[in-house]
Each structure stands twice: as C-alpha cells, then as structure tokens.
Amino acid sequence: MSKDKSAKIPTPQPVRGTQDMLGDFADRFAHVVETFERVRRLYGYKRVEVPVIEPTAVFARSLGETTDVVSKEMYSFEDRGGESITLRPEFTAGIARAYITNGWQQFAPLKVATHGPLFRYERPQKGRYRQFHQLDAEVLGSDSPLADAELLVFADQLLKDLGISEGVTLTLNTLGDADSREAWRAALVEHFMSHRGDLSEDSLARLDKNPLRILDSKDPRDRPVADSAPDIDAYLTGEAQDFFGAVTSGLDAAGVAWQRNARLVRGLDYYRHTAFEFVTDRLGAQGTVLGGGRYDGLIEALGGPPTPAVGWAAGIERLGMLLESTPQDFLEFVLVPVGGEAEMLCLELQATLRRKGLSCDMGFRGNLKKRMQRADASGAVAAIIIGEDEMREGEITVRHLASGQQARRNLAEIRDARAGATYTRKLLLEGIDGNNWSAE
RNA sequence: GCGAUCAUAGCUCAGUUGGUUAGAGCGCCGGUUUGUGGUACCGGAGGUCGCGGGUUCGAGCCCCGUUGAUCGCCCCA
C-alpha cells in the first residue's frame with residue numbers, strides 16, 4: 001500500500017512451466033486425487049511414498065543412456081556435494097529403486113499406488129508443464145497376466161467413477177517377450193530401410209535412434225510406409241500369445257471393454273508384453289488420459305534381481321479437465337454476529353458446531369449486510385445470525401439462504417453435547433429448508 | 001533446442017491511418033437501506049499500456065532488443 005512507487009520491491013516470477021491453482025482447477029484436482037485414493041483401497045493397493053529427488057543414475061539407467069530424454073529433458077542439477085540429482089520425471093524408476101534398496105522382494109507380489117508432482121525440463125505447451133502431477137499404480141514381482149488385467153480393471157473403474165469414461169477407449173497391444181520383440185524390431189528396421197527414400201527427415205533420424213517411433217509419426221509422408229509395416233503378431237512366440245490372450249480374457253471376464261491397437265508401441269527396451277493407453281477424442285492432440293504397460297526388464301536394469309512388474313500412470317490435470325462438473329467444497333453454515341459481544345458468542349458456537357462435525361465459517365470483518373453478502377456468495381446452506389435480541393433470549397436466528405425462510409432456535413439445544421451432527425443439522429434447518437426431516 | 005502469435009485496471013478485453021486527461025464489463029470498496037444476502041440504481045478506488053532503447057513535434061499504436069506467456073515442432077519415460 002506504499003505510495004512511494006520508486007521503492008517498489010520487484011516480485012519474483014514463478015519458475016517457468018509451474019502453475020498455481022485455486023478454485024475450480026484446485027477443486028477438480030482434489031476430486032481426482034480423492035477418487036483415486038478411494039478406488040485404490042478397493043483394489044488393495046498400498047500407499048507408497050518415494051522421494052521427489054533421486055540420483056540421476058536412477059532415471060538415466062531406467063530410461064537408457066542413449067536417448068536425449070536423459071540429456072535434454074530431465075530436470076537435473078548438481079547438489080552441493082557435486083552429485084547429480086534429478087527431480088523425478090516419472091514414478092516407476094523411483095519405485096523400482098526403492099523395491100531393490102529396501103528389500104521389498106519379501107512382500108512380492110507387491111501392489112502399490114502413489115500420486116504427486118513430477119518434473120520434466122521441457123518447453124511448456126498445452127497440457128505439458130515442467131511440474132505436473134500424476135496418479136500411479138504398480139504391481140511388482142508378479143509375472144501373471146492376471147496382474148495386468150487387474151491393473152486395467154482398476155484403471156477402468158477409476159475413469160468410470162470419475163465420470164469420464166464416456167468417449168474414452170482402452171487400447172491394448174502386446175510387445176511380446178524379449179525374443180518376439182527383437183524379431184519384430186529387426187523386421188521393422190528392414191522394412192523401413194527398404195523404403196528409406198520415402199521417409200521424412202525426422203523419421204530417417206528415428207531409424208537409428210528409435211525405429212518403433214516411426215509407426216506413429218505425424219508426418220503424412222511417413223504414413224504409407226508406417227501403415228504397411230508388419231504387425232508384431234507374426235513374430236510372437238507361443239508364450240507371448242498365451243500371455244496376451246490371458247490378459248484379454250481377464251478383461252472380458254471383468255466386463256472391461258478393450259480394443260486392439262497393433263500400432264501401440266513403447267520405445268524403451270525394458271517394456272515387454274502388455275502396453276496400453278486409455279485414449280479420448282476430447283483433448284485434441286494429447287489424447288492419452290492413462291497409459292502404462294509391463295516392464296519386466298527394468299528392475300534388472302537397475303541392478304536388482306530379474307523381477308517382472310507392470311504399472312500405469314495418469315495425469316491429474318488432464319483428468320481434471322475432463323470432469324463434467326466441478327465438485328465444489330461448500331460450507332453448510334455461516335455465522336453472522338451483529339456487534340462485538342455476539343462475535344465472541346459466534347466464535348464459541350462455531351467451534352462447537354465444527355467439533356460436532358458440521359462445516360461452518362465466520363467472516364473476520366464487515367457489517368451485517370456485508371456478511372450476508374459473503375454468506376450468500378460462499379454457497380452456504382444457511383446463515384446463523386446472532387445479535388442483541390437473540391442473546392437476550394438465549395436463541396439464534398437461522399436463515400436458509402436459498403428459500404429466504406428463517407426461524408429462531410434455542411441456543412442451548414444446539415450446543416448440547418449429546419446432539420451429534422445429524423441431529424443438530426435437523427434442529428437448525430427443520431421447517432425452513434423445504435426438506436421433510438421427519439422422514440429421517 | 002527450433003518456429004509462430006501475443007503482452008493495456010485484480011480478471012476478461014476494447015483502444016480507428018501515430019494526435020488532448022487510456023475506456024468497458026465483471027470483481028472490489030462505499031451509499032440508497034444504523035438487524036438481513038441474491039435484483040436494481042448511484043458513487044469511489046484502482047493503470048510508468050511487460051521491461052529497455054530508438055524513430056517522431058508527439059508512441060498503448062511504428063522499429064530494434066529483452067523478459068514472460070500461449071500454440072506448434074523435436075521428444076514423450
């Protein structure tokens with residue numbers, strides 16, 4: 001409020017690609033997380049917490065040193081001891097590291113779930129921030145296709161309970177076991193090499209680095225070559241086919257709809273067998289709302305024992321954008337004191353109601369009119385008005401804001417410690433809110 | 001890392017070919033109503049037009065630089 005503008009202190013800018021949330025966006029975010037936490041308990045997935053920072057090697061090894069993902073797109077820095085630290089760009093590698101270093105093999109098969117912030121050093125664009133947030137579920141130490149199936153049923157129920165399964169499709173593919181995958185990869189490279197003259201410059205570069213990625217190139221010049229490339233099916237071993245069949249049978253048994261997408265790939269070598277994405281047509285280019293797969297090679301790549309594992313992750317912000325309506329926090333009651341003495345009484349009553357389990361609030365300042373305005377704007381069910389008249393008679397005035405009806409109540413009855421939340425609510429609202437309380 | 005677009009009040013935005021004192025809606029504060037919200041009317045506060053330089057008699061508008069944002073490319077674990 002200083003008038004001396006020359007002395008103005010410059011406000012630091014937020015870090016690029018980070019965001020602050022309040023109101024609608026924050027409510028959506030919280031609703032997604034709460035729903036996830038509820039569903040994850042239904043499936044017996046234990047809550048796990050892992051660090052936000054890890055030695056860079058955790059992610060560098062899991063992602064493969066060759067990719068420029070590691071060199072260019074991780075949020076890495078040196079700490080004061082000179083060690084290279086990375087802000088986690090995903091959950092899976094950190095959980096895999098924790099599995100090894102804590103000896104969680106003893107709990108295998110281990111079903112865990114977590115959520116929190118992740119970081120990638122990328123140029124921000126629509127739906128892609130440097131700090132973003134994901135839900136994550138993993139099953140470690142199980143080579144059963146039933147684990148894949150259960151994980152997918154979990155994901156399916158999450159999306160349904162969030163009310164965003166409309167227009168969302170589960171697309172599924174298998175990358176086979178290590179042998180299948182190698183044979184297919186060799187066939188793909190051969191196919192692309194023989195058509196290299198028709199490929200875009202980008203895809204020619206991919207041919208060396210990551211040939212599988214050519215399959216979902218956006219460049220129209222690549223489409224004919226990519227579309228005519230061989231599917232993995234011809235290269236699947238019998239075991240790989242059986243595994244995939246067991247996953248899809250499990251989905252059918254649980255009543256989860258799915259679609260085969262033979263073009264769905266994972267670039268990294270440790271992925272095996274199942275790869276999946278829940279995709280929507282409602283978000284433009286970024287159509288994936290939840291994705292994952294089986295990564296039987298990862299824990300070994302981190303120096304652990306050969307351990308099969310499967311998991312998925314989903315962007316919280318993206319799920320929040322898809323929510324039909326905004327679930328809002330609202331207060332049941334707003335206390336409105338008239339005069340300084342009433343303020344203390346309201347403070348006491350407010351604490352009493354809250355201890356009973358009724359949500360309520362009270363403004364810090366303003367006259368009656370102002371406080372009523374705020375009460376109305378807050379979306380509260382009713383205002384509780386206490387002034388000199390009420391105090392003299394040991395009563396309070398309850399005004400139902402939607403109907404405008406109000407009534408006097410006996411303060412002692414409301415305060416009575418024997419009355420719980422439900423009964424107290426009835427005492428306050430009966431007769432003025434239009435509900436038939438006697439039916440309770 | 002590359003490209004395009006943009007930056008005016010707390011928010012969303014107008015601002016003519018460069019020309020007086022930069023506007024609107026919403027929000028905020030106050031009043032009409034000293035114990036009653038939503039509607040209405042009246043009034044008020046709030047801006048170095050992102051920042052720095054240049055051209056000009058004169059710049060919110062034109063030029064250069066810079067910072068930031070948005071959208072796309074690369075990448076997508």
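Excluded from the calculations below are hydrogen atoms, water molecules and symmetry mates; all remaining heavy atoms, backbone and side chain alike, are included. A note on names: the letters A, B, ... follow the listed sequences, proteins ahead of strands, and every chain is numbered from 1.
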If you look at every strand shown and take non-hydrogen atoms under 4.0 Å, does [X] touch a base, only sugar-phosphate, or nothing?
X      : value
A:R374 : sugar-phosphate
A:G404 : base
A:A205 : nothing
A:E390 : base
A:R88  : nothing
A:R16  : sugar-phosphate
A:D389 : base

Taking [atom1] from [X] and [atom2] from [N], how many angstroms apart are they, rounded to a whole number?
X      : N     : atom1 : atom2 : answer
A:R399 : B:G37 : CZ    : C1'   : 7 Å
A:N367 : B:U32 : CG    : P     : 11 Å
A:M74  : B:C76 : CE    : C1'   : 14 Å
A:E122 : B:C73 : CD    : P     : 12 Å
A:R408 : B:U36 : CZ    : P     : 14 Å
A:E343 : B:G35 : CD    : C1'   : 15 Å
A:L264 : B:A77 : CG    : C1'   : 14 Å
A:L335 : B:G37 : CG    : P     : 18 Å

* To do: Using only side-chain N and O atoms of A:K370, determine if any of them is under 4.0 Å from OP1 or OP2 of B:C29.
  =>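 Yes.
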inquiry  = Is A:Q125 close enough to B:G72 that one of its side-chain N or O atoms is under 4.0 Å from OP1 or OP2 there?
reply    = yes
If you measure from the [atom1] atom in [N] to the same atom in [M], how many Å do you get, rounded?
N     : M     : atom1 : result
B:A24 : B:G1  : P     : 43 Å
B:A7  : B:G46 : P     : 25 Å
B:A9  : B:U5  : C1'   : 24 Å
B:C71 : B:U39 : P     : 34 Å
B:G44 : B:U12 : P     : 26 Å
B:A59 : B:C13 : P     : 28 Å
B:C29 : B:C73 : P     : 45 Å
B:C64 : B:G23 : P     : 30 Å

Quick note, salt bridge (charged side-chain N to carboxylate O under 4.0 Å, His left out) partners involving residues 86-102 of chain A, not counting sequence neighbours, are A:E54-A:R97
ask   = Are A:F244 and A:H273 close enough that their ring centers fall under 6.0 Å?
value =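 For A:F244 and A:H273, the ring centres are not under 6.0 Å apart.
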- A:F276 vs A:F278 aromatic rings, parallel, tilted or perpendicular, using cut-offs 30° and 60°?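 It falls in the perpendicular class, over 60°.
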Mind checking whether A:Y295 and A:Y270 have parallel, tilted or perpendicular rings, split at 30° and 60°? perpendicular
Complement of [N], any strand, by Watson-Crick or G-U distances under 3.5 angstrom:
N     : answer
B:U70 : B:A4
B:C26 : B:G10
B:G35 : none
B:C51 : B:G65

TODO: Output the single nucleotide from B:U70, B:A77, B:U36 whose closest atom is nearest the side chain of A:P89.
DONE: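 The answer is B:A77, which lies nearest to the side chain.
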| request: Choose from B:G37, B:C73, B:A77 the nucleotide whose nearest atom is closest to any side-chain atom of A:R123. | output: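 Nearest nucleotide to the side chain: B:C73.
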Less than 3.5 Å between a donor and an acceptor, one on the side chain of [X] and one on the base of [N], is that the case here?
X      : N     : value
A:Q406 : B:U36 : yes
A:R128 : B:C75 : yes
A:D376 : B:G37 : yes

Heavy-atom nearest nucleotide on RNA chain B taken for A:R120 and for A:K369; more 5' hit belongs to A:K369
So which one's nearest nucleotide on RNA chain B is more toward 5', A:Q373 or A:E277?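 The residue mapped nearer the 5' terminus is A:Q373.
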Only residue of A:D136, A:V112, A:V139 satisfying side chain to side chain contact (heavy atoms under 4.5 Å, CB included) with A:Y45 is A:V139
**Prompt:** What are the two closest non-hydrogen atoms of A:Q19 and A:E317, and how far apart are they?
**Reply:**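 Answer, listing the atom of A:Q19 first, then A:E317: NE2-OE2, 3.6 Å.
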Given the options A:D233, A:T171, A:T174, A:R260 meets side-chain hydrogen bond (donor to acceptor under 3.5 Å, both in side chains) only with A:D233
Query - Axial cation check for A:F154 ring with A:R40, 6.0 Å and 45° limits - result: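 No; the conditions do not both hold, so A:R40 does not lie above the ring face of A:F154.
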